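Worksheet for the structure shown next.
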Amino acid sequence: VQRQVEVGRRVLAWLEGGNRHLLTLGDADYPCALLETADPPTILYALGDTARLNAPYIAIAGSRNATRQGLADSQAFASSFSSAGVCVVSGLALGIDAAAHRGGLSARASSVAVVGTGLDRVYPAANRDLAHDLAVRGAVISEFCLGTPPAAANFPKRNRLIAGLARGVLV
């Protein structure tokens, strides 16, 4: 019980930080697309503009060790989708994901990152500035409790949310 109380206090303190949200299945800003999946998360932590969570999405994913051409293509496709009113969703990983987020942020529909950690952590650390930009001009979401470190099992769970949000996937 003491641990649950401590987790509750940590979440309440985190929510006081501004533009931070805790969404449940019944909230108006909870992504409708996830309600249509087999296993929607009961709680979503969100940083940023929750109005973006019900936009039409395209997922963009690819190599963490992408070529320069791959990075340029990812960013260009994402920018075009965002300009056309389709929000880009990806996983904030190095390489193609990061390039896609940058492209999405460059236009009106923006970008949303679904991460495999608690929102009080940025993984990978090299994407800290990008995560901050997403929290200001897009959104970052997670089903994982604050304090959750990056663990291999978290990323397939994260990927199911990316797929659940998207109307299509560009790989």
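The basis for the numbers below is simple: all heavy atoms, side chains too, and nothing from hydrogens, waters or symmetry mates. No experiment lies behind these values; they were computed from the predicted model shown. Counting begins at 1 with the first residue of the sequence.
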Inset, instruction - Calculate, to the nearest 0.5 Å, the distance between atoms OG1 and OH belonging to Thr148 and Tyr45 respectively. - result: 7.5 Å
Inset, instruction - Give the minimum heavy-atom separation between Ala139 and Asp49, together with the two atoms involved. - result: CB-O, 3.9 Å
Inset, instruction - Quick one: closest heavy-atom pair of Arg52 and Arg108, and the distance? - result: NH1-O, 3.5 Å
Legend entry - Nearest-0.5 Å distance, CG of residue Leu146 to CG of residue Asp120: 4.5 Å
Inset, instruction - For residues Val114 and Leu165, determine if any side-chain heavy atom of one lies less than 4.5 Å from a side-chain heavy atom of the other. - result: yes
Inset, instruction - Group every Ile, Leu, Val, Met, Phe, Trp and Tyr by side-chain heavy-atom contacts under 4.5 Å, then state whether Leu34 and Ile43 land in the same group. - result: no
Inset, instruction - Walk me through it: do Thr24 and Thr42 pass the test side chain to side chain contact (heavy atoms under 4.5 Å, CB included)? - result: CA-CA 6 Å; Thr24 63; Thr42 305; 5.8 Å; no
Inset, instruction - Rounded to the nearest 0.5 Å, what's the gap from CD on Gln75 to CG on Leu71? Could you check? - result: 8.5 Å
Legend entry - Atom pair CG/CG of Leu92 and Asn127 - distance to nearest 0.5 Å: 5.0 Å
Legend entry - Leu23 side chain reached by Leu53 side chain, heavy atoms, under 4.5 Å: yes
Legend entry - Exercise: do Thr50 and His21 side chains pair donor with acceptor under 3.5 Å: no
Inset, instruction - Begin with the C-alpha distance, continue with both residues' side-chain angles, and end with the deciding distance and a verdict on side chain to side chain contact (heavy atoms under 4.5 Å, CB included) for Phe155 and Tyr123. - result: CA-CA 11 Å; Phe155 296 97; Tyr123 180 81; 3.8 Å; yes
Legend entry - Single-linkage hydrophobic cluster, 4.5 Å side-chain cutoff, Ile141 and Tyr30 together: yes
Inset, instruction - Look at the side chain of Ser80 and the backbone N and O of Ala76, then say whether any donor-acceptor pair between them is shorter than 3.5 Å. - result: yes
Legend entry - Side-chain touch Tyr57/Val86, heavy atoms, less than 4.5 angstrom: no
Legend entry - Smallest separation among heavy atoms of Ile162 and Ala59, with atom names: CG2-CB, 3.6 Å
Legend entry - Ser106 side chain to Ser79 side chain, donor-acceptor N/O pair below 3.5 angstrom: yes
Legend entry - Exercise: identify the closest heavy-atom pair between Gly138 and Ser110: CA-OG, 3.4 Å
Inset, instruction - Could you check if a side-chain atom of Glu143 sits within less than 4.5 angstrom of a side-chain atom of Arg160, using non-hydrogen atoms only? - result: yes
Legend entry - Student check: side-chain heavy atoms of Phe81 and Pro56 closer than 4.5 Å: no
Legend entry - Among Ile96, Asp97, Ile58, side-chain contact (heavy atoms from CB on, under 4.5 Å) partner for Ser90: Asp97
Legend entry - Leu47 reachable from Val136 in the ILVMFWY side-chain graph, under 4.5 Å edges: no
Inset, instruction - Mind listing the closest non-hydrogen atom pair of Leu134 and Val112 along with its distance? - result: CD2-N, 4.4 Å
Inset, instruction - Rounded to the nearest 0.5 Å, what's the gap from CG on Leu15 to CZ on Arg20? Could you check? - result: 8.5 Å
Inset, instruction - Working to the nearest 0.5 Å, report the span between CH2 of Trp14 and SG of Cys145. - result: 10.5 Å
Legend entry - Heavy-atom donor-acceptor pair, Ser82 side chain to Ala109 backbone, under 3.5 Å: yes
Legend entry - Val140 and Leu119, any side-chain heavy atoms less than 4.5 Å apart: yes
Legend entry - Heavy-atom closest pair, residues Pro149 and Asn154: O-ND2, 3.2 Å
Legend entry - Heavy-atom side-chain contact between Val88 and Leu105 under 4.5 Å: no
Legend entry - Ser111 side chain to Gly104 backbone, donor-acceptor under 3.5 Å: no
Inset, instruction - Determine yes or no for a side-chain-to-main-chain donor-acceptor pair under 3.5 angstrom, with Thr37 supplying the side chain and Gly164 the backbone. - result: no
